[in-house]
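Here is the structure we will look at, set down as structure tokens.
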Amino acid sequence: MSHISPLDYARENRERFLDELKELLRIPSISTLSEHREDMERAARFLRDRLSAIGFEAETIAGHGHPLVYGQWLNAPGRPTVLLYGHYDVQPVDPIDLWQTPPFEPDVRDDNIYARGAADDKGQTMTFLHAAESLLHGEGRLPLNLKIIIEGEEECGGAAIKAYVSEHGGRLAADVVQVADSGMYAPGIPTIETGLRGIVYTEIHAQGASHDLHSGLYGGVGPNPLNALAWVIADLKDRKGHIAIPGFYDDVQRPADDVLASWRKLPFDLDAYRAQVGARDLVGMQEFSPLERTWSRPTLDVHGISGGFTGEGAKTVIPAEATAKVSMRLVPDQRAEKVFELFRNRVLELTPPGIDLRVRLIHGDDPVLVPERGPFIDAARQALQQTFGRPAVLARSGGSIPIVGVFKETLGLNTVLMGWGLPDDNLHAPNEKFSLENFYLGIDATVRFWQAVGALAEQGAT
Ligand code: BES
Ligand code: ZN
């Protein structure tokens, strides 16, 4: 049995850990595009095989959509069990021309690894495997029990894992969930996230005439579904960021005063933030700070409108149909189901003459808050302090991770959201990257977190 400390093992194996991450990043596992189905299976098998190689019992679970990867190491009787969660699917890569290097050919530049999924979430998911391997090699055992579930549909609504949790939730029983799919408030500032927004993602389909029309011969009489979508969308949110859907704000809760006060204490430079956004002006309701707007206020955005002619040159057509993708981000205590009803009713009320609108829910998830105190949060704070040399901050995120709320609702499990992404990692955009420093610190902090959680058993704190 070798006796190398897990942290030394992790340091000595950095190069190989990075090579493994690159191998995973080369698989174009875009969950929302059906032509990548085989890539999804390849990515799932890669993770299963890596889990087996480090000493977990591991399997892929097919059945509902893209496969899940499940693994467990349960040889620490009397110790707590942590359920780890990550996702191996990634977002589409368009606009492809804006990538400096191809999205599925990982490239290391300036201490970052560039590839689709580098930060979201392959790099973060791999920190779990590398931390477990470091402990198992260094000490021959883990200081706690681990279960890990990695899904392939996080970026498109998570239907498969939701079905699995409702049918086989008992198998995932644990003391707490740990998610590495979030970020740090800023470089060098370790962060525990305490809330995620929910989401209602919809599609509005507009039908005008039964067939495309010449816009000269019929312009002025033929109903135009693209114009119609523009009207409807413009009526859903005013220029000050107020969403004009009756009842939409009814359940929005203002965070407690001490929470808002703690956000005000976070370092915040408006010019730097604007530069990070890359826009001259920030939009939204000015009575709320930018952090409040993204962390504790709902919003509505259009992601794409399609229909008619968008090719080179000009074509004078009134298209017969058009579609818009519109989503809303939700905050406590809004509920996805209710918000979708309000949204659909309002859209249908706004239907212009001569147009048929259909509103479809693509996916919906409630917002979630996780505890800010308790033994697991203390263990995370301790691990982060030791690893980053400074205290962790508590923050929320404007993003969504659907399963976190499901774990809470279905299994009664709380989550520690401790992630390694940075605000400028270009998630969902061209040139996504992951900081290698954070990759290696994330592995170290995870090792320390599990050691601290393992020690809780001795203290009788769980
Ligand atoms: N990892 C992100 C969400 C995230 C990013 C949380 C940074 C906290 C900090 C996640 O993969 C994601 O993008 N989720 C989607 C979910 C949706 C498609 C249901 C999102 O938020 O758009
Ligand atoms: Zn993610």
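Counting starts at 1 for both ligands and their atoms, following the listed order.
- Side chains of E153 and H64: no donor on one and acceptor on the other come within 3.5 Å.
- Among the atoms of E154, no N, O or S atom falls under 2.8 Å of the Zn ion (ligand 2).
- T387 and R448 are linked by a side-chain donor-acceptor pair at a separation below 3.5 angstrom, with hydrogens and angles left out of the test.
- Among heteroatoms of the N, O or S kind in D181, OD1 lies nearest the Zn ion (ligand 2).
- Counting only heavy atoms of the protein, atom 4 (C) of ligand 1 lies nearest to D181 O, 3.6 Å.
- Between F128 and W450, the ring-plane angle classifies as parallel under the 30° and 60° cut-offs.
- Residue-to-ligand polar distances place D120 within reach of ligand 1: an N/O pair is separated by less than 3.5 Å.
- For atom 10 (C) of ligand 1, the closest non-hydrogen atom on the protein side is E154 OE2, 3.2 Å.
- Of the candidates E153, E155, H87, H303, the one placing a heavy atom closest to atom 18 (C) of ligand 1 is E155.
- Judged purely by distance below 3.5 Å, without hydrogens or angles, the side chains of K408 and N414 pair a donor atom with an acceptor atom.
- At a 3.5 angstrom cut-off on N or O pairs, S397 does not count as close to ligand 1.
- Side-chain N/O atoms of T202 and R360 include no donor and acceptor closer than 3.5 Å.
- What sits closest to atom 19 (C) of ligand 1 on the protein, heavy atoms only, is H363 CE1, 3.4 Å.
- In the model, E154 has no side-chain atom that pairs as donor or acceptor with a side-chain atom of Y88 under 3.5 Å.
- For atom 22 (O) of ligand 1, the choice among R329, R396, Q91 with the nearest heavy atom turns out to be R329.
- Scanning both residues, A180 and W420, for their nearest heavy atoms gives CB-NE1, 4.3 Å.
- Its N, O or S atom nearest to the Zn ion (ligand 2) is what matters here, and for D120 that atom is OD1.
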